[in-house]
Structures are given as structure tokens and as C-alpha cells.
J.: 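Here you go, one structure.
So that the names make sense, note that chain A is the first sequence line, chain B the second, and so on, each numbered from 1. Keep in mind that the numbers below use all heavy atoms, side chains included, and drop hydrogens, waters and symmetry copies. No experiment lies behind these values; they were computed from the predicted model shown.
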2 protein chains.
Amino acid sequence: MILTDNQRAVLNFIQRYIATHGVAPKLQEIAEGIGIRSRGVAHRYVQALADAGYLAIDSGKHRGIRLLRENPHQPQTTLPLLGKIAAGKPIEAIPGEDEINLLDFFGKNNFAVRVQGDSMIDAGIFDGDIAVIEFRETANDGDIVVALIDEEETTLKRFKRSSQGRFIELIPANKDMETMVYGAHRVRIQGVLVGQLRKY
Amino acid sequence: MILTDNQRAVLNFIQRYIATHGVAPKLQEIAEGIGIRSRGVAHRYVQALADAGYLAIDSGKHRGIRLLRENPHQPQTTLPLLGKIAAGKPIEAIPGEDEINLLDFFGKNNFAVRVQGDSMIDAGIFDGDIAVIEFRETANDGDIVVALIDEEETTLKRFKRSSQGRFIELIPANKDMETMVYGAHRVRIQGVLVGQLRKY
DNA sequence: CGCATCTGAGAACATATTGAGAACACGATG
DNA sequence: CATCGTGTTCTCAATATGTTCTCAGATGCG
């Protein structure tokens, strides 16, 4: 069965939509996606694609389109790690470490925050970067933590206890800023920095 | 099982709530969180998510929702993005931007390299960081590129043409190091920096 | 032209999904 | 125990979405 141009456009749109959103589009969205206004027409295309075996329809259900043939959208989670850079031959593989798995950045209790301000700039954490935080209520000296001060202000700083734990120092990584010291009861740990991402 | 839009919204809300508060939300809070007023409706959504295997209910108990495996069907590729940090109230959601998708770091031609040396330290790229590179043979002025010099040495530097393209400047981001200038034919671009990861 | 095919609009209908809220059971708390 | 808050179940109604249809226009072809 040969697909018409518009059928191919619909199939392509559905594939892209699922790759982006993780769920199938609604007929209304398909229609808009290929520049028409009729849900009925969109349905006709989807039906044709189903007849041709490209996808299946969970009849009646909202977003009830499932792709068949193509890869059932198993997202790639690793990148080839090609070697060290800035030294040596073109790019050499590193023995024993040949890919990086992004899933390492996930844990049950991880979340992300966008960093604002320059207080950790000397630690390579810049304004606009995304910090990956593991939710925890305790931290060790030297950890970089998300700390809530007086239940009011949240900040990302290096953590250190002092005076047998009666005080907590929050140390910025920026030589123009000064360490802040609080009574232990005024500081609540919300999480510990476990990773960092930046997108250019 | 396909989740409806609101079911996904509820799941997302619960995940974010638990990440920030450490305990599960009440049905009333879930309802408010997705903009409805009925506890009964919220319960219907939670029940549906339990049926789909995303969470478990300690029946009857207050706040008796437990998250199960983060995603029963697919590897998780997004992290909840909880808000900006270092300013303002505890952690606020950012309207319209509530998760970060790690698949953004993938492209057809992406690969990763581990950075060695301090030549880009002022750009927040530290020794040991992982740079995500898109394989390309051309670059624009200002891009950070992986450059192969004399088919021998590979380096990560900021790229700039000069003298009508006859020379290429490779500019480090480190005030202790100097810009290197090469004849255009001696430099071959291997890729352009599109992202950066660090794991603590 | 007459005909077939592809296309788009939109009406009409069935049902999936949603929201409100009442009523009741039971856990939490003093 | 007594009270309140919370979870649970239920019905009713409204809205959104999928489905099927008819009508109409455009295009290509014998």
C-alpha cells in the first residue's frame, strides 16, 4: 500500500509528536499539525495509516494511537563516550569506559532546579545551569546542598557544621561573597547536589 | 495503559509534591494542584494511576500514596524541574516549565567526551566534566568546538575565524592561557559543544 | 465531458473524560 | 469517647474527543 503525501505527513507528525511528548496526539492536534481544521479529515488519515499497518487505534480512547512498525519509542539513554579530549591523538577510546548513561542522573528522589546567581561560580555552577538534586534532609560536611533558611529563602551552597553542630556554615564558591553562618535550627536541608547539566 | 492528560498531570504533581515536601499530598491538595475542587475527582485520578501501576495506595490512610518505580513502562527521561533556587520562597514551580528532558542531550550525531585540563575553566567546564558534542565539520564564530590540529592533537576551545577565514583562532577560557592561531588548513572541526554534564 | 481519487469542511452522534458534590466510613487527634 | 479531617464511593451533568457521514472542490485521465 502506497501512502499519499498527506498520509506520510500525518505519520511523520505522529512520530515526532510521540518522540517529543511521550504520548500520542489528539485528532485536533494532528489536524493543526498538518495545517487543516477538520478532525474528521485527520481521522480519515489516521484510519488509512491503521489500514496500511503503520499504527493501531485504541478505538474511542483519547490519544489512542499506537505506532507499530517503527521502534516502539525506546528512548536512547546512553551516549558513546569517545575519549579524553585536549590531549593526545584525534580521539581515543577510554578502555573500560565507553559510554555514559544519562539514567545515572535519575534516582527515585531526584529533581532538578535551575540555578540563579553566581554564588557557586568557582565550582563551575553558573547562572542558568540546571542542578540535579537528590532529596535528602541530611548532608555531610563538604556537600553542596539546597538549604532552606528560616523557612523562607532557598540557596545552593557548600555545607559545613561548626561548633559541635550548633552552627551551620553555608559557603559560597565565589571569592566576592562571604560565608554565611546560621544557628542549626534556622537551616533545613532540602537536598544534596548530585549532578549538573548545561545546555548550549 | 495510556494515561489521560489529567492523570499525567496528577502523577507529575504527586512526584513534585513528594520531592519538595517529603510526604505525599492529600487529595484536597492534589485537587487544588491541578485546578479542580472535588476530592472525589482527585481520588478517581489517583485510583487510575494505582491501577496503571504508577503508585500504591495505603487504603484509608491519610497521605497514603506511595510512588512505585518511577515509570513502569519506559525508562524515565525527564526530571521534575522544581523552580529557581537561591532566591525567594522555598522552591516554587516555574510556570510553563516543569520538567527537563534529558533526551535534549541526544541528537542523532551526538557523543560525549571527558574533558581533561583547565583550558575552559572560565566557561565553567572543569577537568573531568563530560562534554556533549554534536558531530559537525563546520562551526560559527563563538562556538565551543572540538578541534583537531595538524591531524594530531585534539582540543576543546572557543572558535573564531580571522583574516577572511585564512586563520583560525582557538580561544581558551582561562586567563592564564593564550589564544592559539593556526592556518585554516591545519585545523579540522570535529564537533560543536551542545551540552555539559557533571556528576558529583 | 464523465469518472475516479484525493482533499477539506463541518454536522451529527456515541462515548470517553472530566468536574461537582453528597453521603458515608474510617483514621487522626485530643 | 467525641470530634474533625480525610479517604472512599456514588450519582448527575457538562465537556471533549473519536467516529461516521454528507457535501463540495480540485486534479488527473480516458
J.: May I ask you to evaluate whether R37(B) reaches the phosphate of dG19(C), defined as a side-chain N or O under 4.0 Å from OP1 or OP2?
T.: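 It does not, given that no N or O in the side chain of R37(B) lies less than 4.0 Å from OP1 or OP2 of dG19(C).
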J.: Expressed in angstrom and rounded to an integer, what is the separation of N6(B) atom CG from dA16(C) atom P?
T.: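 Result: 17 Å.
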J.: When only distance counts, do a donor and an acceptor, one from the side chain of R44(A) and one from the base of dG8(C), lie under 3.5 Å apart?
T.: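 For R44(A), whose side chain was compared with the base of dG8(C), there is a donor-acceptor pair (under 3.5 Å).
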J.: Whole angstrom is fine here: how far is it from NE2 in H62(B) over to P in dA25(C)?
T.: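 Answer to the nearest Å: 15 Å.
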J.: At the 4.0 Å heavy-atom cut-off to chain B, mark where contacts on DNA chain D begin and end, going 5' to 3'.
T.: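 Endpoints of the contacted stretch of DNA chain D: dG5(D) to dT9(D).
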J.: By the 4.0 Å heavy-atom rule, please label L27(B) as base, sugar-phosphate, or nothing.
T.: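 Touches a base.
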J.: When the nearest nucleotide of DNA chain D is assigned to G40(A) and to V41(B) on a heavy-atom basis, which residue is associated with the more 5' position?
T.: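 Nearest nucleotide further toward 5': that of V41(B).
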J.: Starting at CD of Q7(A) and ending at P of dT5(C), how long is that distance when rounded to a whole Å?
T.: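 It works out to 14 Å between those atoms.
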J.: If I take atom NE2 in residue H43(A) and atom P in nucleotide dA9(C), what distance separates them, rounded to the nearest angstrom?
T.: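 Rounded to the whole Å, the gap is 17 Å.
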J.: Using a 6.0 Å distance limit plus a 45 degree cone around the ring axis, check whether R198(A) lies over the aromatic ring of F126(A).
T.: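 Cation-pi check for R198(A) and F126(A): passes.
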J.: Rounded to the Å, how far apart are R39(B) CZ and dA23(C) P?
T.: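 Taking CZ of R39(B) and P of dA23(C), I get 13 Å after rounding.
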J.: How long is the gap from CG on N12(B) to CD1 on I34(B), to the nearest 0.5 Å?
T.: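 Rounded to the nearest 0.5 Å, the CG-CD1 separation comes out at 11.5 Å.
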J.: Distance check: side-chain N/O of Y45(A) vs OP1/OP2 of dC6(C), anything under 4.0 Å?
T.: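 No, Y45(A) has no side-chain N/O under 4.0 Å of OP1/OP2 on dC6(C).
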J.: For the residue pair I149(A) and L170(A), establish whether any side-chain heavy-atom pair is separated by less than 4.5 Å.
T.: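 Yes. Closest side-chain heavy atoms under 4.5 Å.
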J.: Ignoring hydrogens and angles, tell me if any N or O in the side chain of N174(B) forms a donor-acceptor pair with the backbone of D118(B) under 3.5 Å.
T.: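 Looks like yes, one N/O pair under 3.5 Å.
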J.: Send over the distance from K26(B) NZ to dA28(C) C1', rounded to a whole Å.
T.: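 Checked: the NZ to C1' distance equals 12 Å.
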J.: Rounded to the nearest Å, what distance is computed from the CD1 atom of residue I34(A) to the C1' atom of nucleotide dG8(C)?
T.: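 To the nearest whole Å, that distance equals 10 Å.
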J.: Apart from I171(B) itself, what residues make up its hydrophobic cluster, given side-chain heavy atom links below 4.5 Å?
T.: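 Grouped by the 4.5 Å side-chain rule, I171(B) forms a cluster of one, so the answer is none.
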J.: Counting only side-chain heavy atoms from C-beta out, which of dT17(C), dG10(C), dG21(C) sits nearest to S38(A)?
T.: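 Of all the options, the side chain of S38(A) is nearest to dG10(C).
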J.: Keeping to residues at least two apart or across chains, list the salt bridge (charged side-chain N to carboxylate O under 4.0 Å, His left out) pairs with something in residues 165-189 of chain B.
T.: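 Checked against salt bridge (charged side-chain N to carboxylate O under 4.0 Å, His left out) - neighbours excluded - the pairs reaching residues 165-189 of chain B are D122(B)-K175(B), D150(B)-R186(B), E151(B)-R188(B).
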J.: Checking the side chain of D127(A) only, and the main-chain atoms of G117(A) only, is there a donor and an acceptor separated by less than 3.5 Å?
T.: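 Yes; at least one donor-acceptor contact below 3.5 Å.
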J.: Rounded to whole Å, please give me the gap between CD1 in I30(A) and C1' in dA9(C).
T.: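 That distance rounds to 17 Å.
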